[in-house]
Amino acid sequence: MVIQKYNPKWEEDFLEIKGFLEKNVTEYISIEHVGSTSVPGMNAKPVIDIDVVVKDRKQFLRLKAQLEKLGYVHEGDWGISGREAFDDSKVPIQIEQHLYVCQKDNAELLRHLKFRDKLRANPELVKEYNGIKQEILSKVGEDNRAGYVQMKENEYKWFFDKVLA
């Protein structure tokens with residue numbers, strides 16, 4: 001199943017990953033839980049999205065070396081300048097995660113934080129977004145992750161624009 005009902009364990013999972021990072025790396029400003037798993041009541045893919053915030057490129061390079069020692073594998077910016085993706089398949093923590101390192105003024109980071117904070121503050125938006133997710137799944141199928149993501153990004157962009165306005 002692509003989407004699961006909200007699980008309070010997701011916050012515990014984030015805190016476990018954050019604690020692991022805080023214990024083993026020093027080159028960051030903050031470690032942010034973003035994405036749907038960071039919003040109470042939000043149904044989500046059970047993957048913890050994390051944005052590690054750095055001051056600049058120099059700090060990123062130092063953090064990159066620290067992350068690689070922990071087993072994270074740098075995958076590049078995936079076309080989004082100032083946001084670097086890392087694969088977690090060799091990390092000792094067995095919690096599925098998407099880890100990104102973002103420079104503090106990166107537009108994608110700022111969008112993630114604004115979206116998260118608006119949803120956390122507005123249960124009606126959470127309810128509406130859960131409804132959209134269910135509608136998408138009814139159209140593309142419960143296990144069609146690629147179809148789900150594509151439809152969400154193409155046909156429901158208006159919702160993101162509304163939240164971020």
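In this structure a side-chain-to-backbone donor-acceptor pair under 3.5 Å is present from Q66 to E27. Between the side chain of R62 and the backbone N or O of T26, no donor-acceptor pair lies under 3.5 Å. Without hydrogens or angle criteria, N154 side chain to Q150 main chain gives a donor-acceptor distance under 3.5 Å.
Counting all heavy atoms, side chain and backbone alike, E75 lies closest to D87 at OE2-CB, 3.3 Å. Counting all heavy atoms, side chain and backbone alike, R120 lies closest to S38 at NE-O, 2.9 Å.
In this structure, the separation between NZ on K114 and CG on L164 is 6.0 Å, given to the nearest 0.5 Å. Remark: I50 CD1 to F86 CZ distance equals 12.5 Å, nearest 0.5 Å. Between the CD atom of E96 and the CG atom of D88 there is a distance of 7.0 Å, given to the nearest 0.5 Å. Q59 CD to K104 NZ: the interatomic distance, rounded to the nearest 0.5 Å, is 10.0 Å. Remark: I3 CD1 to K133 NZ distance equals 4.5 Å, nearest 0.5 Å. Rounding to the nearest 0.5 angstrom, the gap separating the SG atom in C102 from the CG atom in L113 is 8.5 Å.
With contacts defined as side-chain heavy-atom distances shorter than 4.5 Å, the pair V52/V25 does not qualify. Between I31 and F14, the closest side-chain pair of non-hydrogen atoms falls below 4.5 Å. With contacts defined as side-chain heavy-atom distances shorter than 4.5 Å, the pair V53/N106 does not qualify. Side-chain contact between R83 and D77 is absent, with no heavy atoms from C-beta onward closer than 4.5 Å. Side-chain contact check for T37 versus M42: every heavy-atom pair is 4.5 Å or farther apart. In this structure, K55 and I29 have side chains that are in contact, with non-hydrogen atoms separated by less than 4.5 Å.
At a threshold of 4.5 Å between side-chain heavy atoms, the hydrophobic network of Ile, Leu, Val, Met, Phe, Trp and Tyr places V73 and V91 in two separate groups. The hydrophobic clustering, which links ILVMFWY residues whose side-chain heavy atoms are closer than 4.5 Å, places I80 and L110 apart. Both F159 and M151 sit in one connected hydrophobic cluster of ILVMFWY residues. Membership requires side-chain heavy atoms under 4.5 Å apart, directly or through other members. The hydrophobic clustering, which links ILVMFWY residues whose side-chain heavy atoms are closer than 4.5 Å, places L109 and F115 apart. Linking ILVMFWY side-chain heavy atoms closer than 4.5 Å, directly or via other members, places I48 and Y148 in two distinct hydrophobic clusters.
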Subject >> Verdict with supporting geometry, F20 and L70, side chain to side chain contact (heavy atoms under 4.5 Å, CB included) >> reply: CA-CA 10 Å; F20 172 73; L70 298 176; 3.9 Å; yes

**OP:** Start with the C-alpha distance between I136 and I132, add both sets of side-chain angles, then the distance that settles side chain to side chain contact (heavy atoms under 4.5 Å, CB included), and finish with yes or no.
**Re:** CA-CA 6 Å; I136 294 169; I132 288 169; 3.9 Å; yes

**OP:** Could you give me the CA-CA distance, side-chain angles and deciding distance for Q134 and N130, then say whether side chain to side chain contact (heavy atoms under 4.5 Å, CB included) is met?
**Re:** CA-CA 6 Å; Q134 194 55 48; N130 280 338; over 6 Å; no

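Of the options H98, H33, Q97, a side chain to side chain donor-acceptor pair (under 3.5 Å) to D49 is made by H98 and by none of the others.
In the model, Y100 has no side-chain atom that pairs as donor or acceptor with a side-chain atom of E108 under 3.5 Å. Under 3.5 Å, the side chains of H74 and E84 contain a donor-acceptor pair of N or O atoms.
Under a cut-off of 6.0 angstrom, the local environment of CD in E22 is crowded, with over 12 non-hydrogen atoms contributed by other residues, nucleotides or ligands.
Using bins of under 30°, 30° to 60° and over 60° for the plane-to-plane angle, the ring pair W10/Y6 lands in the perpendicular bin.
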